[in-house]
Each structure stands twice: as structure tokens, then as C-alpha cells.
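Scroll down for the structure; my scribbles are underneath it.
So you know, we letter chains A, B, ... as the sequences are listed, proteins then strands, and number each from 1. Given the structure is predicted, the values throughout are model-derived calculations rather than measurements.
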Amino acid sequence: MELVEESPYRFRIDPHGDMRVPGVVFASRSLLPDVTADKAIEQVANVATLPGIVEASYAMPDVHWGYGFPIGGVAATDVAADGVVSPGGVGFDISCGVRLLAADLDRAELPRVRERLMDGLDTAVPRGMARGAVWKIDDRAQLNEVLLGGSRYAVEQGHGVERDLTRCEDHGAVSDADPDQVSDRAVQRGQGQVGSLGSGNHFLEVQAVDHVYDDDAAEAFGLRPGQICVMVHSGSRGMGHQICTDHVRVMERVMPRYGIDVPDRQLACAPVFSPEGRAYLGAMAAAANYARANRQLLGEAARRVFERTVGRRLDLVYDVSHNLAKIESHRVDGADRQLCVHRKGATRALPPGHPDLPADLAGVGQPVLIPGSMGTPSYVLTGVAGAPAFASTCHGAGRAQSRTQAAKSVRGKDLRDQLEAQNISVRGASMRGLAEETPQAYKDVSAVVGSAEGGGLCRRVARLVPVGVVKG
DNA sequence: ATGTCC
């Protein structure tokens, strides 16, 4: 496996074996995974063998090893050319993503209210492995409303305002959700978790805008220097996990029927137009709506805490997923084609003027929300015109160490003390969970977004630093 | 990521 440097932030894997297209990795030389030690690059090449794949199997600067597809991967298949959809190209946490809200509060006002705010969030945000969620849903009929309506349903039920929908990807819900493709077990796992953070790298953070790179874009997004924000990173919990499990199982079974042979069984897939492909996409869309409703309720919980404890408002900046497949129209070889774009640990980044943007963002592009690792900055980026990789960019710092490795390297209590010493308030669910999320286990998020910008995938708008973290 | 194995 050889990586050819095309430009300072772009490396190519020439097609070999069953690869139908090249692999392209956007990264600086120092972020580039070690081909011999890391299976991520091999996974980029494996994805290039999928039926119907167009242009290239892309990897973002935060790429690392994942289930079948690498995390930080983008792959698009041509729907009309028997292109496939693969659950492994989305990941287990379907529609995992980020929601950013901006407070009517300045950093200078924070010290006197910070601990009250953090204690309020500590009790208001259900998280960790323990049961508990903002919403208690006990029948399938109401859960179906969540699966069909996403954030829109939550807002209709009084959990938010209309503007939350204009500032959410897909206006708060995708229209092609098919709850009939969601198994009873997925429903059982999901119904007690609507409005819960989960664990692992999921968090709710209070952050401050530390630096603005682009004044016009920041203003359009509703961000100014020194502003206090709330960032929510969460997904579709047990619901998405079960949907992925269920549909991978089906696809493994039917692949031979479609004459599909893949180099790794974790790349299980089916043609987009096949019954199995459509079933997965319908269930995946349901999980996407579930995750949006989840983040809507968590954002709303934070909003109530801000109103009650400091009497300040929280306005939605944006909500965007980084684990999703979407049917999108893109120009390939001079023709507009319907593509199934898989983004796994990769964020859609619409350029200025894109028709799917709300009117007030048309001039600047879509806000792209990049959560850092614990105690490190997060970034707000925006899409750029003529960008490669089907308008996609990175999704976060990207893991460099396994959870087990991380937990061995540091004690949760020491980490909490270090964060508190840096003036970052910590409300964790478990000490083991904190240790697994030590920033040493992650790549440098600033280097990742620098490479993403250097590779022409996006532009930096603002840097946010954490002042308080609520961990799952 | 995940009722860290149905």
C-alpha cells in the first residue's frame, strides 16, 4: 500500500486489486496514519471496491480505524449504476452529531454564575449507562412520531421554537423515514432514551468563543468573540446501534444474491434500489430523526437551565450529523447524478449559495460543528465553493489510542483535577469514562481542522474553548 | 458508539 503525495494536504492510493477508484486521504504528513501500524488506510482502499463507487474513497484528516469503513471516511455510489448502501459506511451511532447554541451571555459574566449553571446542567442532562431521559415514551405510536418527525415533532410538542428547525440540517427531519423497518428490539432500546447524552465521547459543554477567523460568517451564524455557547454531542443511542446490527445481518445474507463480493464482511451492503437497501435507508432515516429529536431535547434542557439560573436565552447556531448516508445530487464527470453519499465521522459542509441552506446563511455557507476532545478547543467551520469529497469535511479530533489504552494511561480523578486546575468545571458520570476520554488519546483537533482547510474542504470561522463539561 | 456477548 503506497500513499502518493499530490499536494501538501492530499495523498492518493492508486487503484490496485479490486479497487474501482483511487483512495484519497486529506491530511498533513504528520496526521497521516501509519500504513504499517494502522488499518485505517487499508480500509480506505477496501471501500474503493464497493459497487457503484464514484470519484474516490475519501478520508478526512481525522481518519482512524472503524467497523468496515474507516471513521473519517466519505464514499459516494451512483444510485443508477447499481450503487450500494452499506450500514458500515454510516456506523453504529446513526446520525451522531453536534448541536451548538449561543447564549446571550458574555465570558466576563461567567465566573459568578458558572458553578450554579454547571450544577443545573448536572441534574438536567441524563447521561451515562444509567437509565433516564428527558422524555419518557411508553408506546410505539408516540415513538413513531419521533421517528417520522425528528426535531419538528419535539418542537410541535412544545420543546423548542420554530427557529430551531430552520437552523437544523434537513429542517429538523428527513422525510423518508420508515418506522416499519425498525425492529421491536430497536424500539425497546430506544424508547427510554429520547433526550439522553449516552457515554463515550458524547458530551454537553459550556464553551466560550475564543477566536473568530471570519467576522462575516461568524456574525451570520450568530457568534461573537467572548460569547458563551453550549455544544451537545450525541446520537441515536441504542436505537441506532440496534438498527445497524439488524440491517448488517440482513445484508450479509443477501449480498451473494446480488453478486456482490467485498474484501471485508463488515462492508456488508446492498444496492440502494434493492428491498434490503431501501429497508436500511428507511430505518436509518428513522434513526436520523430520533437523533435530531434527542439533541433538540438536550438543547432544550440546557435552555431551561440557562433561563432559570441566569435568565439568559440560548439560540440555535446549527445542528449537523457526522454519521449519515444521504441521497444527493452531485456533478460527476460532467453529469448530474444521484449519489448515495456515506459520511462516517465526516460532516456535510454546504458551500455558499447551496439551495438547501436557510436564507440567512446563503451568503456564507453551512455551519460545520467540530467537537474537540475533552479540555481542548472545538471549532466552527463553513463549506467552500468547488470543494472536493461531495461537500464534506472532518468531524472531530479522531481517536489515536483505544479506550483501553487510554484508561490505562491516566486515572479519571487525576484528569478531573487537571481540568479543574485549568478552570474547566467537570460533571462526569464515571471516572473510568473520563479516563477513556483523556485528550492524549486523541489527535490534535487544531491540526485536523488546519489540514481540512489546507486540503480545500472547508474554512475556519471560530474557535471555542471549554469552560465546563458534562460527560456521559 | 453500544443493555462493551443473544
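- Within the 4.5 Å cutoff, side-chain heavy atoms of Leu143(A) are placed close to those of Tyr290(A).
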Contacts under 3.5 Å, N or O only, protein and nucleotides 4-6 of chain B:
none

Stepwise, does the side-chain hydrogen bond (donor to acceptor under 3.5 Å, both in side chains) test hold for Ser378(A) with Gln207(A)? CA-CA 9 Å; Ser378(A) 291; Gln207(A) 306 173 336; 3.3 Å; yes
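- Backbone-only engagement by Ser199(A) is indicated by non-hydrogen atom pairs under 4.0 Å involving sugar-phosphate atoms exclusively.
- Side-chain nitrogen and oxygen atoms of Thr245(A) include none within less than 4.0 Å of the OP1 or OP2 phosphate oxygen of dT2(B).
- Residues that satisfy the side chain to side chain contact (heavy atoms under 4.5 Å, CB included) test with Thr245(A), not counting sequence neighbours, are Phe92(A), His241(A), Gln242(A), Arg249(A).
- The residue Gln188(A) sits apart from the nucleic acid: no heavy atom pair falls under 4.0 Å.
- When rounded to the nearest whole Å, the span between CZ of Arg127(A) and C1' of dT2(B) equals 18 Å.
- If you check every strand for non-hydrogen atoms under 4.0 Å, Gly238(A) touches sugar and phosphate atoms only.
- Less than 6.0 angstrom separates the ring centroid of His322(A) from the ring centroid of His233(A).
- Residue contacts shown for Gly200(A) are limited to sugar-phosphate atoms, with no base heavy atom under 4.0 Å away.
- The ring pair (Phe, Tyr, Trp, His ring centres under 6.0 Å) test applied to His64(A) returns no partner, not counting sequence neighbours.
- Between Asp164(A) and the choices Arg152(A), Arg295(A), Arg303(A), the salt bridge (Lys or Arg N to Asp or Glu O under 4.0 Å) rule is met once, by Arg303(A).
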